[in-house]
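Data first, discussion second: the structure below is written as structure tokens.
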Amino acid sequence: MGMKMILSKSALLFKGNFNTSYFLKTHLSFSQFGVGFGAHNSFLASFIHSNSYTSDHDEHPKSKYQKVTNLDHALYLFDEMSQRRPFLSIIDFTQLLQSVTKMKHFSHSLDMFKQMCAIGVPVNKFTMSIAIKCCCQLHRTNDTFAILAYCFRRCIVPNVFIFSALLDGLILEDRILEAEIFFKKLIKDNICGPNVVMYNTMIKGLCKFGHNDIAIQLLRHIDERGCKPDVVTYSTIIDSLCKDKLIDEAFKLFKEMVFKKGISPNVITYNSLIDGLCKLGRWEEAPKMLQEMLDVGISPNVHTYNILIDAFCKEDKIEEAENLVDIMLERGIVPNIVTYNSLIDGYYLRGEIVGEIASPI
DNA sequence: TTAGGGTTAG
């Protein structure tokens, strides 16, 4: 099998089914929640700068459990900790659990959590919320509800972190109806006062299912509840509007966020808008947005460049895409697999990749 | 001195 690729310079714990409906008895109607691009200029830059703040990152040094980046090392440490008596602090255990979770070894994290419970480590709300997150990432939300039941048995009252993780799990599994019912029940029965993260999670779910209008209603509702929407709230809806090709609506919300609410956009907000412009073929405006980002002091990241590179490649503008790769490299941003996949697609569309591609293995 | 949310391809 031969390979001939012509790429130019860029070629380079808890078993059992907990009954979710136990928590969702009350079914409420969600209906109770009930400018186009081009006006950006230096005023925007000054406005955003005036609303930005810098924080001193005077963080505490990381513990050895927080520094772990290797699974085998983490498991070794855990084994060592499990055998020590008296137990180390629950903070040490939780930090190690979090490190394994950050490595995305969710099954191992859950196994560790179960082991902690089995040997009697006094798990707390922090530990619980990490375990629930792991369950959700593994698409095992029903097991998550079992952990919640375990919370109650141990007299650990779930808090907004734990409920938000649960809500996120339902949304991840596309169980939007249950998510809505659950969310409303938490509020109606005063089980948990939602904060902006929980609202954002619900808004993400609504957007995921195309309910932009209800998401915007919920955005209005946040203010009425005395909670403040933030850049994630707006960016989530802006992104959804862009994906639904409602770019003018997205820019309207963008302006509301910046000028009315005084919330500074970030690189993710801009990425969504640039992607929306590219996918609608508004080629004049996308580079302007990139320039605007730079003007307001927001550095494009690998996502930003990938969005533009992919769009150029799909439009047979390979040279422009290659120029962007050069700019990325000059700015110290390393192209990743998405960058190369987009470029390969572009070359393929142009017919510059011929023959069969042999397996490299 | 321990926990949560939004962006890119296929």
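To find a chain, count down the sequence lines: A is the first, B the second, and so on, and within it residues start at 1.
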- Do A/Asp345 side-chain and B/dG10 base share a donor-acceptor contact under 3.5 Å?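 Between B/dG10 and A/Asp345, which were checked side chain against base, a qualifying N/O pair under 3.5 Å is absent.
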- Query: Taking atom types as they are modelled, is there a donor-acceptor pair under 3.5 Å from the base of B/dG6 to the side chain of A/Ser235?
  - Reply: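 Such a pair is found, so the answer is yes.
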Just call it for [X]: base, sugar-phosphate, or nothing, with non-hydrogen atoms closer than 4.0 Å on any strand.
X: A/Ser342; result: sugar-phosphate
X: A/Lys314; result: sugar-phosphate
X: A/Asp310; result: sugar-phosphate
X: A/Asn336; result: nothing
X: A/Thr339; result: nothing
X: A/Ser129; result: base
X: A/Lys243; result: sugar-phosphate

Between atom [atom1] in [X] and atom [atom2] in [N], what is the gap in whole Å?
X: A/Tyr305; N: B/dA9; atom1: OH; atom2: P; answer: 18 Å
X: A/Asp244; N: B/dT7; atom1: CG; atom2: P; answer: 14 Å
X: A/Asn195; N: B/dG6; atom1: CG; atom2: P; answer: 14 Å
X: A/Met257; N: B/dG6; atom1: CE; atom2: C1'; answer: 11 Å
X: A/Leu167; N: B/dG6; atom1: CG; atom2: C1'; answer: 15 Å
X: A/Tyr340; N: B/dA9; atom1: OH; atom2: P; answer: 18 Å
X: A/Ile263; N: B/dG6; atom1: CD1; atom2: P; answer: 17 Å
X: A/Asn306; N: B/dG10; atom1: CG; atom2: C1'; answer: 13 Å

- Message: Can you pull out every side-chain hydrogen bond (donor to acceptor under 3.5 Å, both in side chains) where at least one residue sits in residues 302-313 of chain A? Sequence neighbours excluded, please.
- Response: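 side-chain hydrogen bond (donor to acceptor under 3.5 Å, both in side chains) check on residues 302-313 of chain A returns A/Asn271-A/Thr304, A/Asn301-A/Thr304, A/Tyr305-A/Arg331, A/Asn306-A/Asn336, A/Asn306-A/Thr339, A/Asp310-A/Lys314, A/Asp310-A/Ser342.
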- Determine, step by step, whether A/Phe209 and A/Asp174 satisfy the side chain to side chain contact (heavy atoms under 4.5 Å, CB included) criterion, reporting the C-alpha distance in whole Å, the side-chain angles of both residues, the deciding distance to 0.1 Å, and the verdict. CA-CA 8 Å; A/Phe209 283 81; A/Asp174 294 341; 3.6 Å; yes
- Among B/dG6, B/dG4, B/dT2, find the nucleotide with the atom closest to the side chain of A/Asn124.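 So the side chain of A/Asn124 is nearest to B/dT2.
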- Message: Starting the side chain at C-beta, find the nucleotide from B/dA9, B/dT7, B/dG6 nearest to A/Lys279.
- Response: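 Side chain of A/Lys279 sits closest to B/dA9.
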Taking side-chain hydrogen bond (donor to acceptor under 3.5 Å, both in side chains) as the definition, give me every residue that meets it alongside [X], ordered by chain and number, with sequence neighbours left out.
X: A/Lys204; result: A/Asp168
X: A/Glu330; result: none
X: A/Glu173; result: A/Thr141, A/Arg175

- Query: So does A/Lys204 get a side-chain nitrogen or oxygen closer than 4.0 Å to the phosphate oxygens (OP1/OP2) of B/dG6?
  - Reply: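 Yes.
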- Message: Which residues pass the side chain to side chain contact (heavy atoms under 4.5 Å, CB included) test with A/Asp72, not counting sequence neighbours?
- Response: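 Listed in chain order: A/Asn70.
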- Do A/Thr201 and A/Ser164 have a side chain donor and acceptor closer than 3.5 Å?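 Not at all, the side chains of A/Thr201 and A/Ser164 share no donor-acceptor pair under 3.5 Å.
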- Query: Among residues 83-105 of chain A, which contact DNA chain B at a heavy-atom distance under 4.0 Å?
  - Reply: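 The answer is A/Ile91, A/Thr94, A/Gln95, A/Gln98.
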- Message: Tell me if the NE2 atom of A/His108 is crowded by more than 12 foreign heavy atoms within 6.0 Å.
- Response: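 Result for NE2/A/His108: open.
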